[in-house]
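Computed from a prediction, not measured in an experiment: that's the story for all the values here. Naming: A, B, ... by sequence-line order, numbering from 1 per chain.
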Amino acid sequence: MPELPDVEIFRRLVSEHCRGRVIDQATVNDPGIIEGISPDHLERQLRGRRIQSAERHGKHLFIVVESARALVMHFGTNGSLQLVPAAGTVPEFTRAELTFSGGDGLAYVNPRRLGRISLCDSVTSFVARSGLGPDALDAGFKVAVFTSILGLRKRAIKAVLMDQKLMAGIGNIYSDEVLFQARIYPGTAAASLARETAAALFRTMRETLEEAIRCGAGAEQAAGRLPADFLLPHRHPGGTCPRCHTLLATVKGGGRTGYYCPRCQPAS
DNA sequence: TTAAGTGTTGCTCT
DNA sequence: AAGAGCAACACTTA
């Protein structure tokens, strides 16, 4: 679930509720979730430090602390971030937790343990080291860059949108959503899209992601608040197109299933 | 009860 | 060398 819009919601949660707070204690409940640093070391690095800001690049969340280092979080397939009130108990599957001086805290919850937490020196160095492409929603990511990325690829447009090394933030769910909104068949070779079609896709991609964020993204309860023409709530076996009610079709690729409307997104 | 499914990594094969 | 396909990771839900 956590793709760009979902992680952006987490970022705003941290920015609104944790910025300026002093980390009283960092607790690692599951050492398997921590990468490149010992839980002990991580706890020592964070204790007593103030949270400066929350940033995001693609599906990665960065909680920047005053030492100028940042806690990097990836949520895997179903992780989330939840505020824990001072008197509250931590949610099930909490793998790590930050406790603030007021007694309340922030829980990193991840049932399937597919996510990762690490520490980095800066967002830019982490992004460079990981080889991540530009954030799909970054203001500096211009349409000309997008079209040139597509123009070089013979792969399916869906695979290109999901490739974090080409651009960061879009996964299986939102690649389906974006292509549905743009009315493009997911298996279309990226390079075969006309320049104007690619430019329109770029705009649709940004609008769709922004709209998802506006609606609260991710969480199941947000599904009801999404625009009526969103594919997301319908992308399951037996689901029908929110526009023309045609039975949705699926396309396999990269070990996952893509949903699309065979009528609105015909294969050319 | 079996299988699919959200993402990433790393490996093999073409 | 790009790109396709697969298994692995752990667990829930249909």
Novice: Do Leu201(A) and Leu193(A) pass the side-chain contact (heavy atoms from CB on, under 4.5 Å) test, and can you show the C-alpha distance, the side-chain angles, and the key distance before you say yes or no?
Specialist: CA-CA 10 Å; Leu201(A) 172 58; Leu193(A) 294 173; 4.2 Å; yes
Novice: Would you say the ring centroid of Phe126(A) lies under 6.0 angstrom from that of Phe62(A)?
Specialist: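 So the answer is yes for these two rings.
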Novice: What integer distance in Å separates His60(A):NE2 from dT9(B):P?
Specialist: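 In whole Å, dT9(B) P lies 7 Å from His60(A) NE2.
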Novice: To the nearest Å, give me how far apart CG (Asn110(A)) and P (dG7(B)) are.
Specialist: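 Roughly 13 Å, once rounded to whole Å.
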Novice: Can you tell me the pairing partner of dA10(C) across any strand shown, Watson-Crick or G-U wobble, with both distances under 3.5 angstrom?
Specialist: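 By the stated definition (distances under 3.5 Å), nothing pairs with dA10(C).
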Novice: Looking at Lys59(A), I'd like to know whether one of its side-chain N or O atoms comes within less than 4.0 Å of OP1 or OP2 on dT8(B).
Specialist: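 Affirmative; the distance criterion is met.
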Novice: Rounded to whole angstroms, how far apart are NE2 on His236(A) and P on dT13(C)?
Specialist: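 In whole Å, dT13(C) P and His236(A) NE2 are 17 Å from each other.
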Novice: Specify the separation, in whole Å, of atom CG of Leu4(A) and atom C1' of dG7(B).
Specialist: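 So the two atoms are 14 Å apart, to the nearest Å.
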Novice: How long is the line joining CD1 of Ile34(A) and P of dC9(C), in whole Å?
Specialist: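 Taking atom P of dC9(C) as the reference, CD1 of Ile34(A) is at 20 Å.
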Novice: Using the side-chain contact (heavy atoms from CB on, under 4.5 Å) rule, take Gln265(A) and Ile184(A) through it: C-alpha gap first, then chi angles, then the decisive distance, then the call.
Specialist: CA-CA 5 Å; Gln265(A) 304 161 267; Ile184(A) 294 172; 5.7 Å; no
Novice: What is the distance from CZ of Arg116(A) to C1' of dC9(C), rounded to the nearest Å?
Specialist: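 Distance check: Arg116(A) CZ to dC9(C) C1' gives 8 Å.
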Novice: Can you identify which nucleotide, out of dG3(C), dA4(C), dG5(B), has its nearest atom closest to the Lys154(A) side chain?
Specialist: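 Nearest nucleotide to the side chain: dG3(C).
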Novice: Ignoring backbone atoms, test whether Arg153(A) places a side-chain nitrogen or oxygen under 4.0 Å from the OP1 or OP2 oxygen of dG3(C).
Specialist: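 Arg153(A) to dG3(C) OP1/OP2: side-chain N or O found under 4.0 Å.
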Novice: Mind calculating the distance between CG (Asp163(A)) and C1' (dG10(B)) to the nearest angstrom?
Specialist: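 Those two atoms, CG and C1', are 15 Å apart.
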Novice: Heavy atoms from C-beta onward define the side chain here; which of dG3(C), dA10(C), dG7(B) lies closest to that of Arg113(A)?
Specialist: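 That would be dA10(C).
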Novice: Is Phe75(A) touching bases, backbone alone, or none of the nucleic acid, heavy atoms closer than 4.0 Å?
Specialist: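 It contacts nothing in the nucleic acid.
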Novice: Is any side-chain nitrogen or oxygen of Arg155(A) closer than 4.0 Å to OP1 or OP2 of dA4(C)?
Specialist: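 True: Arg155(A) side-chain N/O within range (under 4.0 Å) of dA4(C) OP1/OP2.
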Novice: Taking only side-chain N and O atoms of Thr257(A), does any of them lie within less than 4.0 angstrom of OP1 or OP2 on dG5(B)?
Specialist: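 Thr257(A) to dG5(B) OP1/OP2: side-chain N or O found under 4.0 Å.
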Novice: Which one, dT8(B), dA4(C), dC9(C), comes nearest to the side chain of Leu114(A)?
Specialist: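 Looking only at side-chain atoms, Leu114(A) lies closest to dC9(C).
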Novice: Can you see which heavy atom on His74(A) is nearest to which on Tyr108(A), and at what distance?
Specialist: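 Shortest heavy-atom separation between His74(A) and Tyr108(A) comes out as O-OH, 2.6 Å.
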Novice: What nucleotide, of dT8(B), dG5(B), dT12(C), holds the atom closest to the side chain of Tyr259(A)?
Specialist: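 Nearest nucleotide to the side chain: dG5(B).
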Novice: Say we look at dT1(B) and dC9(C): how far apart would their P atoms be, to the nearest angstrom?
Specialist: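 To the nearest whole Å, 22 Å.
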Novice: For the side chain of Lys252(A), counting heavy atoms from C-beta on, which of dG5(B), dG7(B), dA4(C) is nearest?
Specialist: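 The closest nucleotide is dG5(B).
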Novice: If you measure from the P atom in dA1(C) to the same atom in dT8(B), how many Å do you get, rounded?
Specialist: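 That atom pair is separated by 25 Å.
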Novice: Using whole Å, report how far CE of Met162(A) lies from C1' of dA4(C).
Specialist: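 Going from Met162(A) (CE) to dA4(C) (C1'), I get 12 Å.
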Novice: For Phe180(A) and Tyr259(A): C-alpha separation, side-chain torsions, deciding distance, then whether ring-ring contact (aromatic ring centres under 6.0 Å, His included) applies.
Specialist: CA-CA 9 Å; Phe180(A) 174 72; Tyr259(A) 285 82; over 10 Å; no
Novice: Indicate the ring-plane relationship of Phe146(A) and Phe202(A), choosing parallel, tilted or perpendicular according to the 30° and 60° boundaries.
Specialist: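 If you compare the ring of Phe146(A) with that of Phe202(A), the planes turn out tilted.
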Novice: Taking only N and O in the side chain of His74(A), is any of them less than 4.0 Å away from OP1 or OP2 of dG7(B)?
Specialist: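 No, no such contact exists.
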